[in-house]
Number of protein chains: 2
Amino acid sequence: MNPSRPDPAAPRPDTEEPPSPLVWDRPPPDRRRAPLTREIIVSAAIPIADSEGLAALTVRRLAAELDARPMSVYSYARITSKEELFDLMTDQVCAEMIVDDLPGDWREALRAIAGRVREVLLRHPWWVELIGHNVLIGPNGTRHREQTLAALSGLRLDPSTKLAVIVAVETYVVGQATFVMDEEGSPRVPGRTAEQEALAQYQASLIATGAFPHLAGIGPVQPIPVRDRERYFLLGLDWLLSGIAVTVESPPDDAASS
Amino acid sequence: MNPSRPDPAAPRPDTEEPPSPLVWDRPPPDRRRAPLTREIIVSAAIPIADSEGLAALTVRRLAAELDARPMSVYSYARITSKEELFDLMTDQVCAEMIVDDLPGDWREALRAIAGRVREVLLRHPWWVELIGHNVLIGPNGTRHREQTLAALSGLRLDPSTKLAVIVAVETYVVGQATFVMDEEGSPRVPGRTAEQEALAQYQASLIATGAFPHLAGIGPVQPIPVRDRERYFLLGLDWLLSGIAVTVESPPDDAASS
DNA sequence: ACGCATGCGAGACAATGTATCGCAAGCGTG
DNA sequence: CACGCTTGCGATACATTGTCTCGCATGCGT
C-alpha cells in the first residue's frame, strides 16, 4: 500500500516522523499564533455531543462553532482522525468521574464511585455510544481506574481478584446506564421517538397473543419510571456488592482452579 | 419543513400511507419476482459485520454481496433506513440468545442465559456497538426477555423487583462483554492495534511516575488473558447472583420506600 | 391480448471525513 | 534591522457514504 516504506532503522530517521502513535503525548501547537488549543476544541465538542448527540458532532460543525475552518480542528487539537477527538472527549469525561472524598469503607467507596460514574454517563449520554468502539484509556481514565483500585486498597486480595471486582462494578454501571437510557425513551439520538411509541403498541399486541405469559405479568416493556431508575440502580449495585463482600471478606481463599 | 402537511384526519387518508412506523409488521415484498427476501438480506449482513465490523457494512457493500443494487436492499428488506437494518440484525441475534432447555433453578437458569448472551455477544461483536444507539426491541428480543422472566417464574417476587433482577443481570453481561472486548485488544474495529500497543507503553510510563501506586500493584492495564476471561465473567456473575439471592430468597419484604 | 397501476432501481445529490500541497507566518542569520 | 528559509496551517479537492427521485419495466385484471 505504502510505496516507500522506510526501513525502521533507516539512516534518516527524521524524514517524516508521524506525530506520535498516541494522542496523549503529542506536542502542543506551540506556535504563538495558535488561536485554538486542544482544550478549547474538546470543551467545545462535548456540549455539542451532550445536547445533540454524537452524530451531530461533525468536524465542520465543530469548526463552525469555534469560528474556524474544518482542518484547523485537526491541526490545533493535534489529532489525525475524528476517532482521536473522541478519545480526547472521553478522557475529559473520565476526569469528571473522579470522586473527591473517597469513603474509607470499600463498599461505600465503590458505591460513591459507581454513583458518580452513573451521573457522568447520564450527563454525557454519547459516551455510551463510544464504549462500543475501542476507545483508548488516557490519563484521566487511568486516574479513575487508580481511584477505583484505591477503594479496594484496604482489602487483602490478590491483584487479579481486585481487577475482577472493578471490572464487575464498572461493567454493571455502564450496562445499567445503557439500558436505562434505552428504555427510558430519552431520545439520545433524536428522531426515534415515534417508533418508540409504536413499539409500545407492538409489544402490547405481542403480549395479547398469549405467547408471553411472564411478560404479561409485568405489562409491556414498561419504560422504567424516572423516579425508580435510581432505586433500581442502587438495588442492583447492592446485590453485586453484597455478592462481592462474601468473597472478599472471607480469608484469602485462592480458588484459582477452574 | 414539510410544505404540505396533510391534516391527520384528512378526507383522503390513503394518499401515501408511510409503510408502517415499525419494521416488524411491514408486509413482505410479496411480488413473485422478488429475488431477495428480508431474511436473505439480514443473513448476508450479519456475517459482514461479524468479520469486518459494523463500519464495513455499507449498503453498497451489502448489495454487492447479494449481487444486487444498493436501493434493492431497501426495497426488499422493507426498510426505510440503515438503522432499521440494524434493528433487524439485532433481532436476528436475539434469537440466538434463547436457551433451549432452561434449568428449573432460577440461579442456574440465569447463569445459562447469561452465558448464552455472552457467547452471542462474542460471536457478534458489532452488537455492542449498537447498544449505544437506541435499538428497538423486536419479536425475538421480546422472546428473549420472556425467557429471562421465565427463569424467575418460580420466585414469588413483585414484578418490579423481577424487572430489576433481569435488568441487573443483562446489564452485567453486556457491560462485561463490552469491557472484555475492549481490553482484550481484539480489534473489533480494526486498525487500532498499533495504538493499543503504544498505549501499553504509555500506561507503563504513567505508572513509572509513581502517581498510581495501586495500579502499579496490578501492573499496566494488563489485557485480561484470554483463558481468564470466562473465569472473570463467571466470578462476577456469581457475585451478582449471590447478592440477588439474599433479597430474593427472603420473605417478600416490600421495602418500597426510598 | 391489452392497458394500467405498482413498485423496483439507476442515477443524482448532499454530507461527511480526510489527503494534499501552496502559501504565509515566524525564526535565525548576516 | 532586513532577508530568506523552513515550518505547519488551512483552502480546496476527493472519495465514500446514506438516501431521494421519479422513469420504466413488470405483472395483473379484464
Side-chain angles (χ1 to χ4, degrees), chain A residues 1-3 14-20 23 26-38 40-41 45 48-49 52-89 133 189 191, chain B residues 1-3 14-20 23 26-38 40-41 45 48-49 52-89 133 189 191:
Chain A
M1 194 81 70
N2 217 347
D14 56 357
T15 317
E16 258 188 44
E17 189 152 10
S20 162
V23 227
R26 217 167 270 172
D30 105 329
R31 271 295 172 85
R32 310 305 174 282
R33 56 173 142 157
L36 265 70
T37 67
R38 171 180 283 195
I40 293 179
I41 293 174
I48 296 178
E52 303 176 47
L54 254 200
L57 180 61
T58 70
V59 175
R60 285 161 167 75
R61 169 74 196 282
L62 178 55
E65 203 85 13
L66 292 166
D67 200 29
R69 251 47 63 203
M71 290 311 286
S72 308
V73 172
Y74 286 81
S75 298
Y76 290 125
R78 314 258 89 161
I79 55 176
T80 65
S81 72
K82 197 187 180 187
E83 191 99 334
E84 287 187 342
L85 173 66
F86 291 158
D87 290 341
L88 294 176
M89 291 169 63
H133 311 346
V189 179
Chain B
M1 194 81 71
N2 217 345
D14 55 357
T15 317
E16 259 186 44
E17 189 152 9
S20 163
V23 227
R26 216 165 271 173
D30 105 330
R31 268 300 171 83
R32 310 306 175 282
R33 56 173 142 156
L36 262 65
T37 67
R38 171 180 283 193
I40 293 179
I41 294 173
I48 297 178
E52 303 176 47
L54 253 200
L57 180 61
T58 70
V59 176
R60 285 162 167 74
R61 168 75 196 282
L62 178 55
E65 203 85 12
L66 292 165
D67 199 28
R69 251 46 65 202
M71 288 313 285
S72 308
V73 171
Y74 285 80
S75 298
Y76 290 125
R78 314 257 89 163
I79 55 175
T80 65
S81 72
K82 197 188 182 187
E83 191 99 333
E84 287 187 341
L85 174 65
F86 291 158
D87 290 341
L88 295 176
M89 291 168 64
H133 311 344
V189 179

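A note on names: the letters A, B, ... follow the listed sequences, proteins ahead of strands, and every chain is numbered from 1. Keep in mind that the numbers below use all heavy atoms, side chains included, and drop hydrogens, waters and symmetry copies.
Following rounding to the nearest Å, B/R78 (CZ) and D/dT19 (P) show an atom-to-atom distance of 16 Å. For the pair B/Y74 OH and D/dC22 P, the computed distance is 18 Å after rounding to whole Å. If you take CG of A/L66 and C1' of D/dC9, they are 16 Å apart, rounded to a whole angstrom. The CG-C1' distance, from B/L62 to D/dT16, rounds to 16 Å in whole Å. For the pair A/M71 CE and D/dG8 C1', the computed distance is 12 Å after rounding to whole Å. Rounded to whole angstrom, the span from the NZ atom of A/K82 across to the P atom of C/dT16 amounts to 9 Å. A/L85 places its CG atom 10 Å from the P atom of C/dT18, with the value rounded to the nearest Å. Atom CD1 of A/I79 and atom P of D/dG10 are 14 Å apart (whole Å).
Closest of all the heavy-atom pairs between A/R78 and A/V23 is O-CG1, 4.0 Å.
A search for side chain to side chain contact (heavy atoms under 4.5 Å, CB included) contacts involving A/S75 returns nothing, not counting sequence neighbours.
The 5' end of DNA chain D is approached more closely, in terms of each residue's nearest nucleotide, by A/A68 than by the other of B/R60 and A/A68.
Among the nucleotides C/dT18, D/dG10, D/dG18, the one closest to any side-chain atom of A/Y76 is D/dG10. Here D/dG10 is the nucleotide among D/dG10, D/dT19, C/dG9 with the atom lying nearest to any side-chain atom of A/S75.
Going from atom CD1 of A/I79 over to atom CZ of A/F86 covers 9.5 Å, rounded to the nearest 0.5 Å. Note that CG of B/L54 is 6.0 Å distant from CE of B/M89, once rounded to the nearest 0.5 Å.
Remark: A/S72 is in phosphate contact with D/dG10, judged by side-chain N or O atoms under 4.0 Å from OP1 or OP2.
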